[in-house]
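A, B, ... follow the sequence lines: proteins, then strands. Residue 1 opens every chain. Quick note: numbers below take in every heavy atom, side chains included, and nothing from hydrogens, waters or symmetry partners.
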Amino acid sequence: MNNASFGHKWLPIGLLAPQLVITLVFFIWPAAQALFQSLQMEDAFGLSTEFVGMENFVSLFMDRLYFESMFSTLVFSFSVAIIAMASALFLAVLAQRVIRGGGIYKTFLIWPYAVAPVIAGVLWLFLLNPSIGVLAHLLAALGINWNPLLNASDAMWMVVLAATWKQISYNFLFFLAGMQAVNKSLIEAAAIDGAGPWRRFWTIVFPLLSPTSFFLLVVNLVYAFFDTFGVIHAMTQGGPGTSTSILVYKVYSDGFIGLNLGASAAQSVVLMALVGVLTVIQFKYVEKRVAY
Amino acid sequence: MVEQRPWLTAFSHIMLVLGIAAVALPVWVALVATTHPNYVFVSGRVPLWFGDLGFTVFADVLCQTASRESDVSVASMMLNSTIMAFGITLGKLSISILSAYAVVFFRFPGRMLAFWLVFMTLMLPVEVRIMPTFQVIASLDMLNSFSGLTIPLIASATATFLFRQFFMTVPPELLEAARIDGAGPIKFFFDILLPLSRTNIAALFVITFIYGWNQYLWPLLITTDSNYYTIVMGIKHMLSVPDGEVAWNRIMATTVLAMLPPVVVVVGMQKFFVKGLVETEK
């Protein structure tokens with residue numbers, strides 16, 4: 001901690017005021033409202049509300065649809081995380097190997113990070129739309145019956161693909177940085193001992209990348225849980241049925257389309273707890289990384 | 001490189017080129033689609049090479065109204081997006097650099113409390129508290145306004161932490177020297193701290209600009225007046241028509257225009273982008 005400091009008392013409060021006011025009004029207050037509303041129930045006409053305690057949570061956890069939504073969120077998020085990390089690691093290993101053109105490859109691989117999730121959704125929808133999509137036609141030519149409008153697992157694949165595409169660049173950059181931090185003399189020693197590139201990767205580089213991988217797993221899960229609303233909204237609107245209605249999409253559709261305040265608030269509270277847990281994991285991990 | 005393996009190197013190049021091609025495929029197909037008239041797609045024949053419309057579809061969407069659902073042009077939606085992205089970026093950078101300055105260089109009661117309040121914002125993304133945040137904005141009469149589009153999004157724990165981290169590396173001698181020379185806190189901030197923070201500001205600018213430009217759920221919630229539509233959410237309105245009437249060539253032109261500014265920023269400021277990405281995750 002920095003010892004030198006100014007002695008003013010009111011100036012720092014003034015400097016902090018804009019940040020604190022915005023935090024209180026637009027973050028803390030709505031979060032408190034969500035907590036409060038989750039304990040209340042509105043009558044059918046929205047005229048009166050009554051305190052119902054944990055009833056919203058009980059009915060939420062008794063609801064089969066909520067469990068289905070949780071399950072699809074898990075399927076979606078882990079698919080996105082695993083596919084995005086595996087393909088990024090593969091590309092990073094190759095980019096690390098080539099000396100010539102490495103910088104150009106990097107530039108051409110990082111730009112999808114800048115594309116909004118909803119735009120990624122629209123782009124892939126155009127490729128995978130069963131009536132006009134290029135890839136959909138290719139799949140049809142290969143004899144695969146592809147119809148994300150009717151088939152739940154096709155729809156899941158489609159949103160996973162769009163969400164993954166956007167996230168590869170992020171993982172690529174971090175894997176590349178992680179590999180550049182691996183001590184070169186370890187690799188050279190292994191090469192002298194006769195280990196080929198394949199063996200060197202799996203016995204030296206891959207284990208040394210495990211902190212990076214763990215960190216990326218958390219970041220990717222957070223991304224898939226909370227930042228992919230646009231992908232779902234543009235591509236499937238949670239359908240067919242509710243098969244791609246992940247938790248953030250369900251909060252939105254129950255609140256704004258279903259207008260069920262209590263249920264939506266209870267879902268918000270559950271999600272806030274989830275973000276809290278993930279944030280703590282991320283920070284605990286970062287502390288460890290600093291201590292290396 | 002530890003040893004020469006020409007075949008492996010060749011393989012790496014080929015796979016990288018294939019990877020880049022796969023990543024670029026959706027944008028390629030989108031660009032091609034903008035050069036074809038819409039009936040081409042309806043007939044089910046999907047072109048992979050450019051047609052003969054050139055940039056006419058781009059010119060068309062930029063100047064004329066985007067679709068029957070919204071009576072505004074893509075150009076005006078892009079203007080809205082620009083205002084929102086720069087509003088969020090400037091707001092976020094200013095309030096977080098000020099709060100980091102307060103937390104690091106001053107000792108005052110409630111300092112830790114303020115720090116934890118800011119930390120809380122990390123755990124409360126808009127997506128998880130949609131309804132109550134909407135109600136707050138509605139009761140403050142901020143629906144359909146640029147203040148509603150920007151101000152609620154400018155509080156930032158990550159930006160504050162980044163500046164705090166950087167300020168803590170500033171040698172205390174610098175502050176002592178400035179005080180001996182008679183500089184007050186405001187002069188110290190503008191003449192010493194701000195110039196030192198240039199690269200951090202640039203790095204955060206890239207990340208925040210992308211964040212601001214790409215906002216989707218927030219404008220979707222709080223704008224019903226098409227004069228405030230941003231381009232990223234406007235595309236969704238163009239898609240929400242019966243299946244046979246979707247104007248794919250116009251949608252793809254709009255999509256390309258919507259992703260252009262953030263992509264240009266990332267590619268053009270690549271060094272700062274990578275720095276920003278790595279630092280904000282610490």
Side-chain angles (χ1 to χ4, degrees), chain A residues 2-6 8-9 11-12 15-16 18-20 22-23 26-27 29-31 33-34 91 94-95 97-99 105 107-109 111-116 118-119 122-124 127 132 134 137 173 187-188 191 197 226 229-230 234 248 251-252 255 261 264 268 271-272 275-276 279 286, chain B residues 1-3 8-9 12-13 15-16 19-20 23 26 29-30 41 44 46 95 98-99 101-102 104-108 114 117-118 121-125 127-133 136 152 154-155 168 172 175-176 185 210 214 216-217 232 235-236 255 258-259 262-263 266-267 270 274 277 282:
Chain A
N2 204 328
N3 282 323
S5 59
F6 291 106
H8 290 258
K9 224 169 196 173
L11 184 64
L15 293 172
L16 272 166
Q19 176 97 286
L20 290 182
I22 291 170
T23 304
F26 298 110
F27 285 76
W29 175 244
Q33 283 278 310
L91 290 169
L94 299 176
R97 176 164 184 92
V98 303
I99 296 167
Y105 288 134
T107 305
F108 276 104
L109 282 169
W111 61 268
Y113 178 83
V115 178
V118 60
I119 291 185
V122 174
L123 286 172
W124 282 95
L127 291 174
I132 60 162
V134 176
H137 282 237
L173 276 174
I187 313 263
E188 278 160 22
F226 304 109
F229 171 83
V248 279
V251 174
Y252 166 82
L261 271 184
S264 180
S268 284
L271 282 175
M272 285 191 276
V275 196
T279 312
V286 168
Chain B
M1 183 100 52
V2 196
E3 77 244 279
L8 194 59
T9 307
S12 304
H13 280 289
M15 290 314 286
L16 279 167
I20 288 170
V23 167
V29 174
F41 315 118
V46 188
I95 69 167
L98 289 180
S99 25
Y101 182 50
V104 176
F105 288 98
F106 294 87
R107 292 288 168 274
F108 57 94
L117 269 178
V118 175
T121 61
L122 266 188
M123 305 204 187
L124 300 169
E127 282 76 6
V128 307
R129 48 181 176 83
I130 296 175
M131 279 309 284
T133 315
V136 168
I154 66 178
M168 283 163 69
L175 178 68
E176 278 157 29
I210 300 167
N214 287 346
Y216 178 65
L217 180 61
V232 171
I235 291 171
K236 174 64 187 159
T255 306
M259 56 188 270
V263 169
V266 161
V267 174
Q270 192 177 328
V274 175
L277 212 57
K282 273 186 189 158

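- Across B:S99 and A:Q19, no two heavy atoms sit closer than the pair OG-NE2, 3.1 Å.
- Contact between B:A258 and A:I119 at its shortest, heavy atoms only, is CB-CD1, 3.4 Å.
- For A:V122, the parts sitting under 4.5 Å from any heavy atom of chain B are the backbone and the side chain alike.
- Smallest separation of non-hydrogen atoms from A:L15 and B:A102: CB-CB, 3.9 Å.
- What you find for B:M123 and A:V275 is that their closest heavy atoms are O-CB, 3.7 Å.
- Both the backbone and the side chain of B:V29 come within less than 4.5 Å of a heavy atom in chain A.
- Taking chain B as the reference chain and counting heavy-atom pairs below 4.5 Å, the highest number among A:L94, A:L20, A:V248 is found for A:L94.
- Within the 4.5 angstrom heavy-atom criterion, atoms from both the backbone and the side chain of B:P185 approach chain A.
- For A:L91, the parts lying near chain B are the backbone and the side chain together; criterion is any non-hydrogen pair under 4.5 Å.
- Nearest heavy-atom pair across A:V98 and B:S12 is CG1-CB, 3.6 Å.
- The most heavy-atom pairs under 4.5 Å with chain B, out of A:F27, A:W111, A:Y113, come from A:F27.
- For the atom pair B:I95 CD1 and A:T23 OG1, the distance stands at 6.5 Å (nearest 0.5 Å).
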Query raised in the report: Would B:F108 and A:L16 satisfy side chain to side chain contact (heavy atoms under 4.5 Å, CB included), going step by step from the backbone distance to the final call?
Result: CA-CA 11 Å; B:F108 57 94; A:L16 272 166; 3.4 Å; yes

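- At least one side-chain heavy atom of B:Q270 sits less than 4.5 Å from a side-chain heavy atom of A:T107.
- Rounding to the nearest 0.5 Å gives a distance of 13.0 Å between CG of A:L11 and CZ of B:F105.
- Only the side chain of B:I210 comes within less than 4.5 Å of a heavy atom in chain A; its backbone stays farther off.
- Stacking of B:R129 on the aromatic ring of A:F26 is not recorded, the 6.0 Å distance cut-off and the 45° axial limit not both being met.
- Between chain A and the options B:L217, B:L122, B:V232, heavy-atom pairs under 4.5 Å are most frequent for B:L217.
- When the candidates A:F229, A:F108, A:F226 are compared by the number of heavy-atom contacts under 4.5 Å with chain B, A:F229 comes out ahead.
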Report task. Begin from the C-alpha positions of A:I22 and B:T121 and carry the test side chain to side chain contact (heavy atoms under 4.5 Å, CB included) through to its verdict. Result -> CA-CA 10 Å; A:I22 291 170; B:T121 61; over 6 Å; no

